[in-house]
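Reading through the C-alpha coordinates given below for one structure.
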Amino acid sequence: MSEFWLISAPGDQENLQALERMNTITSKSNLSYNTKFSIPDFKVGTLDSLVGLSDELGKLDTFAESLIKKMAQSVVEVMEDAKGKVPENLLANGGLKEKMKYLKSRSYVCLDLPSFVTHFEWDMAKYPAKQPLVSVVDTLAKQLAQIETDLKSRTAAYNTLKTNLENLEKKSMGNLFTRTLSNIVSKEDFVLGSEYLITLLVIVPKPSYTKWQKTYESLSDMVVPRSTKLIAEDNEGGLFTVTLFRKVIEDFKTKARENKFTVREFYYDEKEIKREREEMSRLLSDKKQQYGPLLRWLKVNFSEAFIAWIHLKALRVFVESVLRYGLPVNFQAVLLQPHKKSSTKRLREVLNSVFRHLDQVAAASILDASVEIPGLQLNNQDYFPYVYFHIDLSLLD
(Lines give C-alpha, C1' and ligand atoms only; values in the text may rest on other atoms or scores of the structure.)
Protein backbone atom coordinates (compact mmCIF):
# COMPACT_ATOMS: atom_id res chain seq x y z
CA MET A 1 0.00 0.00 0.00
CA SER A 2 1.04 3.59 -0.55
CA GLU A 3 -0.32 4.59 2.86
CA PHE A 4 1.75 5.24 5.99
CA TRP A 5 0.86 5.99 9.59
CA LEU A 6 3.39 8.12 11.44
CA ILE A 7 2.92 7.79 15.21
CA SER A 8 4.82 8.61 18.38
CA ALA A 9 4.69 7.62 22.04
CA PRO A 10 6.66 8.80 25.11
CA GLY A 11 10.14 7.34 25.29
CA ASP A 12 10.03 6.10 28.88
CA GLN A 13 10.47 2.44 29.69
CA GLU A 14 6.75 1.65 29.91
CA ASN A 15 6.02 3.09 26.46
CA LEU A 16 9.10 1.60 24.85
CA GLN A 17 7.74 -1.74 25.99
CA ALA A 18 4.35 -0.78 24.54
CA LEU A 19 6.02 -0.01 21.21
CA GLU A 20 7.77 -3.36 21.31
CA ARG A 21 4.47 -5.07 22.06
CA MET A 22 2.86 -3.25 19.13
CA ASN A 23 5.66 -4.37 16.82
CA THR A 24 5.25 -7.96 17.95
CA ILE A 25 1.47 -8.01 17.49
CA THR A 26 1.45 -6.26 14.10
CA SER A 27 4.27 -8.47 12.82
CA LYS A 28 2.68 -11.74 13.93
CA SER A 29 -0.72 -10.68 12.59
CA ASN A 30 0.82 -9.39 9.33
CA LEU A 31 -0.91 -6.05 9.84
CA SER A 32 1.89 -3.62 9.00
CA TYR A 33 5.55 -3.12 8.29
CA ASN A 34 7.07 -0.90 11.00
CA THR A 35 10.29 1.12 11.01
CA LYS A 36 11.80 3.66 13.35
CA PHE A 37 11.35 7.23 12.12
CA SER A 38 14.36 9.32 13.08
CA ILE A 39 13.76 12.92 14.15
CA PRO A 40 16.63 15.19 15.26
CA ASP A 41 16.79 17.11 18.54
CA PHE A 42 15.35 20.51 17.69
CA LYS A 43 15.44 23.69 19.71
CA VAL A 44 12.12 23.59 21.53
CA GLY A 45 11.62 27.24 22.48
CA THR A 46 8.54 28.01 24.54
CA LEU A 47 5.40 25.91 24.66
CA ASP A 48 3.37 28.96 23.59
CA SER A 49 5.45 29.26 20.43
CA LEU A 50 4.92 25.55 19.74
CA VAL A 51 1.14 25.96 19.91
CA GLY A 52 1.27 28.66 17.21
CA LEU A 53 3.75 26.60 15.21
CA SER A 54 1.46 23.56 15.38
CA ASP A 55 -1.30 25.45 13.59
CA GLU A 56 1.09 26.84 10.96
CA LEU A 57 2.57 23.40 10.31
CA GLY A 58 -0.90 21.95 9.78
CA LYS A 59 -1.67 24.51 7.08
CA LEU A 60 1.74 24.10 5.48
CA ASP A 61 1.37 20.32 5.48
CA THR A 62 -1.93 20.61 3.58
CA PHE A 63 -0.41 23.10 1.14
CA ALA A 64 2.62 20.87 0.48
CA GLU A 65 0.48 17.79 -0.17
CA SER A 66 -1.72 19.77 -2.56
CA LEU A 67 1.35 21.11 -4.35
CA ILE A 68 2.97 17.72 -4.96
CA LYS A 69 -0.34 16.35 -6.25
CA LYS A 70 -0.53 19.26 -8.70
CA MET A 71 3.03 18.57 -9.80
CA ALA A 72 2.33 14.85 -10.22
CA GLN A 73 -0.71 15.70 -12.35
CA SER A 74 1.40 18.12 -14.39
CA VAL A 75 3.83 15.29 -15.15
CA VAL A 76 0.87 13.19 -16.35
CA GLU A 77 -0.35 16.01 -18.60
CA VAL A 78 3.10 16.74 -20.03
CA MET A 79 3.95 13.09 -20.74
CA GLU A 80 0.62 12.53 -22.57
CA ASP A 81 1.13 9.29 -24.55
CA ALA A 82 3.82 8.01 -22.17
CA LYS A 83 1.64 7.98 -19.04
CA GLY A 84 2.78 4.46 -18.19
CA LYS A 85 6.21 5.90 -17.41
CA VAL A 86 4.92 8.58 -15.03
CA PRO A 87 5.77 6.71 -11.78
CA GLU A 88 9.43 6.39 -12.74
CA ASN A 89 9.55 10.18 -13.07
CA LEU A 90 8.05 10.78 -9.62
CA LEU A 91 11.01 10.01 -7.40
CA ALA A 92 12.62 11.45 -4.30
CA ASN A 93 16.15 12.78 -4.67
CA GLY A 94 15.48 12.85 -8.40
CA GLY A 95 16.63 16.44 -8.23
CA LEU A 96 19.96 15.31 -6.86
CA LYS A 97 20.25 12.84 -9.71
CA GLU A 98 19.74 15.56 -12.30
CA LYS A 99 22.28 17.85 -10.65
CA MET A 100 24.87 15.11 -10.44
CA LYS A 101 24.71 14.59 -14.19
CA TYR A 102 26.40 17.94 -14.63
CA LEU A 103 29.05 17.02 -12.09
CA LYS A 104 29.66 13.66 -13.80
CA SER A 105 29.33 11.94 -10.45
CA ARG A 106 27.70 8.61 -9.63
CA SER A 107 27.25 9.38 -5.94
CA TYR A 108 23.52 10.09 -6.13
CA VAL A 109 20.63 8.22 -4.58
CA CYS A 110 17.29 8.12 -6.37
CA LEU A 111 14.46 6.44 -4.48
CA ASP A 112 10.85 5.62 -5.16
CA LEU A 113 8.54 7.49 -2.78
CA PRO A 114 7.75 4.65 -0.31
CA SER A 115 11.46 3.83 -0.02
CA PHE A 116 12.31 7.46 0.69
CA VAL A 117 9.69 7.61 3.46
CA THR A 118 10.81 4.36 5.10
CA HIS A 119 14.49 5.39 4.91
CA PHE A 120 13.93 9.03 5.85
CA GLU A 121 16.86 10.97 7.25
CA TRP A 122 16.70 14.63 8.19
CA ASP A 123 18.69 16.83 5.79
CA MET A 124 20.92 18.77 8.16
CA ALA A 125 22.61 20.72 5.37
CA LYS A 126 19.39 22.11 3.93
CA TYR A 127 17.41 22.47 7.18
CA PRO A 128 19.87 22.88 10.10
CA ALA A 129 18.29 21.40 13.22
CA LYS A 130 20.21 23.81 15.45
CA GLN A 131 18.24 26.75 14.10
CA PRO A 132 15.08 27.83 15.92
CA LEU A 133 12.09 25.80 14.76
CA VAL A 134 10.42 28.94 13.42
CA SER A 135 13.39 29.48 11.07
CA VAL A 136 13.30 25.88 9.84
CA VAL A 137 9.58 26.13 9.13
CA ASP A 138 10.08 29.49 7.39
CA THR A 139 12.74 27.96 5.12
CA LEU A 140 10.39 25.14 4.15
CA ALA A 141 7.48 27.53 3.58
CA LYS A 142 9.52 29.81 1.31
CA GLN A 143 10.87 26.87 -0.66
CA LEU A 144 7.41 25.45 -1.29
CA ALA A 145 5.95 28.86 -2.14
CA GLN A 146 8.70 29.46 -4.72
CA ILE A 147 8.11 26.05 -6.29
CA GLU A 148 4.38 26.79 -6.54
CA THR A 149 5.06 30.17 -8.18
CA ASP A 150 7.43 28.61 -10.72
CA LEU A 151 5.01 25.75 -11.36
CA LYS A 152 2.21 28.16 -12.23
CA SER A 153 4.31 30.21 -14.64
CA ARG A 154 6.00 27.26 -16.36
CA THR A 155 2.87 25.15 -16.80
CA ALA A 156 0.81 28.16 -17.87
CA ALA A 157 3.21 28.88 -20.73
CA TYR A 158 3.31 25.23 -21.79
CA ASN A 159 -0.46 24.75 -21.51
CA THR A 160 -1.13 27.86 -23.61
CA LEU A 161 1.17 26.47 -26.29
CA LYS A 162 -0.46 23.04 -26.01
CA THR A 163 -3.99 24.51 -26.24
CA ASN A 164 -3.11 26.57 -29.33
CA LEU A 165 -1.67 23.48 -30.98
CA GLU A 166 -4.69 21.35 -30.07
CA ASN A 167 -7.03 23.99 -31.51
CA LEU A 168 -5.13 23.97 -34.78
CA GLU A 169 -5.11 20.16 -34.84
CA LYS A 170 -8.88 20.07 -34.19
CA LYS A 171 -9.38 22.41 -37.13
CA SER A 172 -7.49 19.96 -39.33
CA MET A 173 -9.43 16.94 -37.97
CA GLY A 174 -13.02 18.21 -38.33
CA ASN A 175 -15.46 17.50 -41.15
CA LEU A 176 -15.44 19.30 -44.47
CA PHE A 177 -17.79 21.99 -43.14
CA THR A 178 -15.43 23.13 -40.38
CA ARG A 179 -11.89 21.88 -40.92
CA THR A 180 -9.12 24.05 -42.25
CA LEU A 181 -8.47 23.48 -45.92
CA SER A 182 -4.87 24.63 -46.01
CA ASN A 183 -3.57 21.06 -45.99
CA ILE A 184 -6.13 19.85 -48.57
CA VAL A 185 -6.21 22.33 -51.41
CA SER A 186 -3.41 23.31 -53.75
CA LYS A 187 -2.79 26.23 -56.04
CA GLU A 188 -3.57 24.09 -59.09
CA ASP A 189 -7.19 23.58 -57.90
CA PHE A 190 -8.10 27.24 -58.49
CA VAL A 191 -8.33 29.79 -61.24
CA LEU A 192 -6.31 32.65 -59.79
CA GLY A 193 -5.66 36.22 -60.88
CA SER A 194 -8.65 36.41 -63.20
CA GLU A 195 -10.75 39.56 -63.27
CA TYR A 196 -13.87 37.63 -64.32
CA LEU A 197 -13.55 34.01 -63.19
CA ILE A 198 -13.47 32.48 -59.70
CA THR A 199 -13.27 28.93 -58.33
CA LEU A 200 -15.63 27.94 -55.52
CA LEU A 201 -15.56 24.91 -53.23
CA VAL A 202 -18.81 22.99 -52.82
CA ILE A 203 -19.60 20.25 -50.30
CA VAL A 204 -21.78 17.55 -51.85
CA PRO A 205 -23.41 14.70 -49.85
CA LYS A 206 -22.14 11.29 -51.04
CA PRO A 207 -25.56 10.11 -52.26
CA SER A 208 -25.76 13.26 -54.43
CA TYR A 209 -22.50 12.88 -56.37
CA THR A 210 -24.30 11.85 -59.56
CA LYS A 211 -26.84 14.66 -59.22
CA TRP A 212 -24.02 17.18 -58.79
CA GLN A 213 -22.22 16.01 -61.90
CA LYS A 214 -25.42 16.26 -63.95
CA THR A 215 -26.65 19.63 -62.64
CA TYR A 216 -23.75 21.86 -61.53
CA GLU A 217 -23.28 23.42 -64.97
CA SER A 218 -26.95 24.46 -65.10
CA LEU A 219 -27.33 25.74 -61.52
CA SER A 220 -26.61 29.23 -62.88
CA ASP A 221 -25.63 30.98 -66.04
CA MET A 222 -21.95 31.41 -66.80
CA VAL A 223 -20.64 28.21 -65.08
CA VAL A 224 -17.53 26.90 -66.84
CA PRO A 225 -18.31 23.46 -68.33
CA ARG A 226 -16.36 20.44 -67.02
CA SER A 227 -14.75 22.62 -64.34
CA THR A 228 -15.61 20.43 -61.35
CA LYS A 229 -13.16 18.12 -59.60
CA LEU A 230 -13.36 16.08 -56.38
CA ILE A 231 -10.41 17.10 -54.19
CA ALA A 232 -11.30 15.66 -50.73
CA GLU A 233 -13.80 13.35 -49.00
CA ASP A 234 -14.95 12.48 -45.50
CA ASN A 235 -17.61 10.03 -44.26
CA GLU A 236 -20.47 12.32 -45.23
CA GLY A 237 -19.53 13.85 -48.51
CA GLY A 238 -17.00 15.29 -50.90
CA LEU A 239 -15.39 18.66 -51.60
CA PHE A 240 -15.74 19.67 -55.26
CA THR A 241 -14.34 22.63 -57.15
CA VAL A 242 -16.39 24.58 -59.67
CA THR A 243 -15.36 27.62 -61.73
CA LEU A 244 -17.79 30.34 -62.77
CA PHE A 245 -18.01 34.05 -63.50
CA ARG A 246 -17.79 36.30 -60.46
CA LYS A 247 -21.00 38.12 -61.37
CA VAL A 248 -23.14 35.01 -60.75
CA ILE A 249 -21.68 33.93 -57.39
CA GLU A 250 -24.75 34.79 -55.33
CA ASP A 251 -27.16 33.23 -57.78
CA PHE A 252 -25.08 30.05 -57.89
CA LYS A 253 -24.97 29.86 -54.06
CA THR A 254 -28.76 30.20 -53.84
CA LYS A 255 -29.38 27.45 -56.43
CA ALA A 256 -26.77 25.20 -54.82
CA ARG A 257 -28.43 25.59 -51.44
CA GLU A 258 -31.82 24.68 -52.92
CA ASN A 259 -30.26 21.43 -54.17
CA LYS A 260 -28.65 20.58 -50.80
CA PHE A 261 -25.17 21.55 -52.03
CA THR A 262 -23.17 23.76 -49.66
CA VAL A 263 -20.73 26.38 -50.94
CA ARG A 264 -17.82 26.54 -48.50
CA GLU A 265 -16.72 30.15 -47.85
CA PHE A 266 -13.11 29.81 -48.91
CA TYR A 267 -10.94 31.84 -51.21
CA TYR A 268 -7.45 30.70 -51.98
CA ASP A 269 -4.85 32.95 -50.37
CA GLU A 270 -1.36 31.56 -50.71
CA LYS A 271 0.06 33.79 -47.99
CA GLU A 272 -2.67 32.83 -45.50
CA ILE A 273 -2.26 29.12 -46.24
CA LYS A 274 1.49 29.42 -45.83
CA ARG A 275 0.97 31.27 -42.55
CA GLU A 276 -1.30 28.49 -41.22
CA ARG A 277 1.20 25.79 -42.15
CA GLU A 278 4.09 27.70 -40.63
CA GLU A 279 2.08 28.32 -37.44
CA MET A 280 1.43 24.58 -37.01
CA SER A 281 5.09 23.81 -37.67
CA ARG A 282 6.22 26.50 -35.21
CA LEU A 283 3.89 25.29 -32.45
CA LEU A 284 5.03 21.69 -32.90
CA SER A 285 8.65 22.80 -32.74
CA ASP A 286 8.08 25.02 -29.68
CA LYS A 287 6.25 22.24 -27.86
CA LYS A 288 9.06 19.80 -28.60
CA GLN A 289 11.66 22.29 -27.39
CA GLN A 290 9.78 23.03 -24.15
CA TYR A 291 8.89 19.40 -23.36
CA GLY A 292 12.32 18.25 -22.18
CA PRO A 293 13.20 21.25 -19.99
CA LEU A 294 9.72 21.34 -18.42
CA LEU A 295 9.70 17.62 -17.64
CA ARG A 296 13.18 17.87 -16.10
CA TRP A 297 12.08 20.86 -14.01
CA LEU A 298 8.99 18.96 -12.81
CA LYS A 299 11.07 15.91 -11.86
CA VAL A 300 13.62 17.97 -9.93
CA ASN A 301 11.11 20.16 -8.14
CA PHE A 302 8.62 17.40 -7.47
CA SER A 303 11.43 15.69 -5.61
CA GLU A 304 12.28 18.89 -3.74
CA ALA A 305 8.64 19.48 -2.77
CA PHE A 306 8.10 15.86 -1.74
CA ILE A 307 11.22 15.85 0.42
CA ALA A 308 10.12 19.11 2.04
CA TRP A 309 6.70 17.57 2.72
CA ILE A 310 8.15 14.59 4.58
CA HIS A 311 10.35 16.97 6.59
CA LEU A 312 7.17 18.82 7.53
CA LYS A 313 5.68 15.55 8.75
CA ALA A 314 8.75 15.04 10.95
CA LEU A 315 8.38 18.56 12.34
CA ARG A 316 4.70 17.99 13.07
CA VAL A 317 5.46 14.79 14.97
CA PHE A 318 8.11 16.60 17.01
CA VAL A 319 5.93 19.61 17.85
CA GLU A 320 2.81 17.58 18.65
CA SER A 321 4.80 15.08 20.73
CA VAL A 322 6.29 17.86 22.86
CA LEU A 323 2.88 19.49 23.28
CA ARG A 324 1.24 16.15 24.11
CA TYR A 325 3.91 14.49 26.22
CA GLY A 326 5.65 17.54 27.72
CA LEU A 327 9.26 18.36 28.52
CA PRO A 328 12.01 17.25 28.59
CA VAL A 329 11.74 15.98 25.03
CA ASN A 330 11.54 12.20 25.16
CA PHE A 331 9.47 10.29 22.61
CA GLN A 332 9.85 7.61 19.97
CA ALA A 333 8.45 7.97 16.45
CA VAL A 334 7.49 4.93 14.39
CA LEU A 335 6.38 4.62 10.77
CA LEU A 336 3.76 1.97 10.04
CA GLN A 337 2.86 0.80 6.56
CA PRO A 338 -0.42 -1.17 6.61
CA HIS A 339 -0.12 -4.30 4.51
CA LYS A 340 -3.60 -4.02 3.02
CA LYS A 341 -6.68 -1.84 3.26
CA SER A 342 -8.68 -4.51 5.04
CA SER A 343 -6.17 -4.60 7.90
CA THR A 344 -6.38 -0.91 8.84
CA LYS A 345 -9.35 -1.35 11.19
CA ARG A 346 -7.61 -4.17 13.07
CA LEU A 347 -4.37 -2.16 13.13
CA ARG A 348 -6.18 0.80 14.68
CA GLU A 349 -7.66 -1.52 17.34
CA VAL A 350 -4.20 -2.84 18.21
CA LEU A 351 -2.77 0.67 18.56
CA ASN A 352 -5.71 1.76 20.70
CA SER A 353 -5.30 -1.28 22.95
CA VAL A 354 -1.54 -0.86 23.36
CA PHE A 355 -1.55 2.92 23.96
CA ARG A 356 -4.93 3.52 25.62
CA HIS A 357 -3.11 4.26 28.89
CA LEU A 358 -1.73 7.47 27.34
CA ASP A 359 -5.18 9.05 27.18
CA GLN A 360 -8.12 7.08 28.54
CA VAL A 361 -10.67 9.68 27.40
CA ALA A 362 -9.35 9.67 23.82
CA ALA A 363 -9.25 5.88 23.76
CA ALA A 364 -12.86 5.72 24.92
CA SER A 365 -13.93 8.31 22.36
CA ILE A 366 -12.67 6.11 19.53
CA LEU A 367 -15.19 3.51 20.62
CA ASP A 368 -17.89 6.09 21.40
CA ALA A 369 -17.99 9.00 18.96
CA SER A 370 -20.44 10.82 21.24
CA VAL A 371 -17.76 11.38 23.91
CA GLU A 372 -16.35 14.92 23.86
CA ILE A 373 -12.72 15.52 24.75
CA PRO A 374 -12.53 18.68 26.88
CA GLY A 375 -10.56 21.49 25.25
CA LEU A 376 -9.96 19.54 22.02
CA GLN A 377 -11.11 21.23 18.79
CA LEU A 378 -10.39 18.30 16.46
CA ASN A 379 -12.96 15.83 15.23
CA ASN A 380 -12.74 12.78 17.50
CA GLN A 381 -11.92 10.60 14.49
CA ASP A 382 -8.68 12.59 14.05
CA TYR A 383 -7.52 12.24 17.64
CA PHE A 384 -5.95 9.17 19.24
CA PRO A 385 -4.16 8.42 22.54
CA TYR A 386 -0.87 8.61 20.62
CA VAL A 387 0.37 11.26 18.20
CA TYR A 388 -0.73 10.28 14.70
CA PHE A 389 -0.24 11.65 11.18
CA HIS A 390 -1.28 10.13 7.89
CA ILE A 391 0.91 9.98 4.77
CA ASP A 392 -0.85 9.03 1.56
CA LEU A 393 1.34 8.51 -1.51
CA SER A 394 -1.59 7.93 -3.89
CA LEU A 395 -0.79 11.15 -5.66
CA LEU A 396 -2.45 10.35 -9.00
CA ASP A 397 -5.82 9.13 -7.70
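- Counting only distance, with no hydrogens or angles, the side chain of Ser32 and the backbone of Thr26 share no donor-acceptor pair below 3.5 Å.
- A distance-only check finds no donor-acceptor pair linking the side chain of Ser208 to the backbone of Val204 [under 3.5 Å].
- Proximity of Leu351 to Leu336: side-chain heavy atoms (C-beta onward) are separated by under 4.5 Å at one or more points.
- Side-chain polar atoms of Thr243 and Thr199 form a donor-acceptor pair below 3.5 angstrom.
- At distances below 3.5 Å, at least one donor-acceptor pair connects side-chain atoms of Asp189 with backbone N or O atoms of Ser186.
- Met79 places a side-chain heavy atom less than 4.5 Å from the side chain of Asn89.
- Residues Asn175 and Thr178 bring a donor and an acceptor atom of their side chains to less than 3.5 Å of each other.
- Using a distance-only test at 3.5 Å, with no hydrogens or angles considered, no donor-acceptor pair links the side chain of Ser115 to the main chain of Leu111.
- Between Pro225 and Tyr216, the closest heavy-atom pair is C-OH, 4.0 Å.
- Here the side chains of Lys70 and Ser66 are in contact, with some heavy-atom distance below 4.5 Å.
- Remark: the backbone N or O of Ser135 is paired with a side-chain donor or acceptor of Thr139 at under 3.5 angstrom.
- Classification of the Tyr388-Tyr386 ring pair by plane angle, with boundaries at 30° and 60°, yields perpendicular.
- Distance check, rounded to the nearest 0.5 Å: CG of Leu144 to CG of Asp61 gives 10.0 Å.
- Panel note: side chain Thr149, backbone Ala145; a donor-acceptor pair is recorded below 3.5 Å.
- Crowding of Lys247 atom NZ: a count of heavy atoms from other residues, nucleotides or ligands under 6.0 Å not exceeding 12.
- Between Met71 and Leu298, the shortest heavy-atom contact is CE-O, 4.1 Å.
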Steps toward side-chain hydrogen bond (donor to acceptor under 3.5 Å, both in side chains) verdict (Ser8, Ser321):
CA-CA 7 Å; Ser8 80; Ser321 296; 2.6 Å; yes
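- Thr254 places a side-chain N or O within donor-acceptor distance of the main-chain N or O of Glu250, the cut-off being under 3.5 Å.
- No side-chain heavy atom of Thr344 sits under 4.5 Å from any side-chain heavy atom of Leu31.
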Could you please spell out the steps behind the side-chain hydrogen bond (donor to acceptor under 3.5 Å, both in side chains) verdict for Ser2 and Ser394?
CA-CA 6 Å; Ser2 58; Ser394 304; 2.8 Å; yes
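- Shown here for Leu91 and Ser303, the closest heavy-atom pair between the two residues is O-CB, 3.3 Å.
- Shown here is Lys206, whose NZ atom has more than 12 heavy atoms of other residues, nucleotides or ligands within 6.0 Å.
- Looking at heavy atoms from C-beta onward, Glu195 lies out of side-chain contact with Arg246 at the 4.5 angstrom threshold.
- For Glu270 and Arg275, the salt-bridge test fails: no basic side-chain N is under 4.0 Å from an acidic carboxylate O.
- Of the N and O atoms on the side chains of Asp251 and Ser220, at least one donor lies less than 3.5 Å from an acceptor on the other residue.
- Side-chain contact, Asn164 with Asn167: no donor N or O sits under 3.5 Å from an acceptor N or O.
- Nearest heavy atom pair, residue Asp221 against residue Val248, reads O-CG2, 3.4 Å.
- Remark: aromatic rings of Phe331 and Tyr325 are distant, center separation not under 6.0 Å.
- Taking the six-membered ring for Trp, His390 and Phe4 have ring centres at least 6.0 Å apart.
- Side-chain atoms of Val75 and Phe302, non-hydrogen and from C-beta on, never get closer than 4.5 Å to each other.
- Two rings, from Tyr158 and Tyr291, have their centers 6.0 Å or more apart.
- Note on Leu239 and Met173: separate hydrophobic clusters, where clusters join Ile, Leu, Val, Met, Phe, Trp and Tyr whose side-chain heavy atoms are under 4.5 Å apart, directly or indirectly.
- How far CH2 of Trp212 is from NZ of Lys260: 15.0 Å, rounded to the nearest 0.5 Å.
- Side-chain contact between Pro128 and Gln131 is present, with at least one heavy-atom pair separated by less than 4.5 Å.
- Under a hydrophobic-cluster definition in which Ile, Leu, Val, Met, Phe, Trp and Tyr are linked whenever side-chain heavy atoms come within less than 4.5 Å, directly or via other members, Tyr268 and Val202 are assigned to different clusters.
- Nearest approach of Tyr267 to Ile198, heavy atoms of both residues: CE2-CD1, 3.3 Å.
- When the shell of 6.0 Å around NZ of Lys152 is examined, it contains 12 or fewer heavy atoms from other residues, nucleotides or ligands.
- Phe384 carries Arg348 over the face of its six-membered ring, with the cationic atom under 6.0 Å from the centre and within 45° of the normal.
- To the nearest 0.5 Å, atoms CZ (Arg154) and CG (Leu294) are separated by 7.5 Å.
- Salt-bridge annotation for Lys287 and Glu80: present, with a side-chain N of the basic residue lying under 4.0 Å from a carboxylate O of the acidic one.
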Quick one: do His311 and Tyr127 satisfy ring-ring contact (aromatic ring centres under 6.0 Å, His included)? Show the steps, please.
CA-CA 9 Å; His311 278 73; Tyr127 314 111; 4.9 Å; yes
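- Other residues, nucleotides and ligands contribute over 12 non-hydrogen atoms within 6.0 Å of the CD atom of Glu258.
- Between Lys126 and Glu304 a salt bridge is recorded (basic side-chain N to carboxylate O distance below 4.0 Å).
- With hydrogens and angles disregarded, a donor-acceptor distance shorter than 3.5 Å links the side chain of Asn159 to the backbone of Thr155.
- Aromatic ring centres of Trp122 and Phe42: separated by under 6.0 Å.
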Before giving the answer on side-chain hydrogen bond (donor to acceptor under 3.5 Å, both in side chains), spell out for Gln146 and Asp150 the whole-Å C-alpha distance, their side-chain angles and the decisive distance to 0.1 Å.
CA-CA 6 Å; Gln146 186 60 55; Asp150 292 346; 3.0 Å; yes
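- By the 4.0 Å N-to-carboxylate-O rule, Lys170 lies too far from Glu166 to be salt-bridged with it.
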Are Glu265 and Lys253 close enough, and set up right, to give a salt bridge (charged side-chain N to carboxylate O under 4.0 Å, His left out), and what steps lead you there?
CA-CA 10 Å; Glu265 294 295 335; Lys253 286 182 179 179; 2.8 Å; yes
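- Checking Thr46 against Ser49 by side-chain atom types alone, a donor-acceptor pair falls below 3.5 Å.
- When the side chains of ILVMFWY residues are joined at heavy-atom separations under 4.5 Å, either directly or via intervening members, Val51 and Val329 end up in a single hydrophobic cluster.
- Smallest separation of non-hydrogen atoms from Phe240 and Gln213: CE2-NE2, 3.7 Å.
- The line from CG of Leu335 to NZ of Lys313 is 11.0 Å long, rounded to the nearest 0.5 Å.
- Heavy atoms from other residues, nucleotides or ligands lying under 6.0 Å from CG of Asp41 number 12 at most.
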Should Thr215 and Ser218 be marked as a side-chain hydrogen bond (donor to acceptor under 3.5 Å, both in side chains) after you check the CA-CA gap, both sets of side-chain angles, and the distance that decides it?
CA-CA 5 Å; Thr215 62; Ser218 60; 5.6 Å; no
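- By the 4.5 Å heavy-atom criterion applied to side chains, Arg179 and Ile184 are counted as neighbours.
- If you take OG on Ser182 and CE on Met280, they are separated by 7.5 Å, rounding to the nearest 0.5 Å.
- A salt bridge is absent between Lys85 and Glu88: the closest approach of a Lys/Arg side-chain nitrogen to an acidic carboxylate oxygen does not fall below 4.0 angstrom.
- Following chains of ILVMFWY side-chain contacts shorter than 4.5 Å, one can reach Leu395 starting from Phe63, so the two form part of one hydrophobic cluster.
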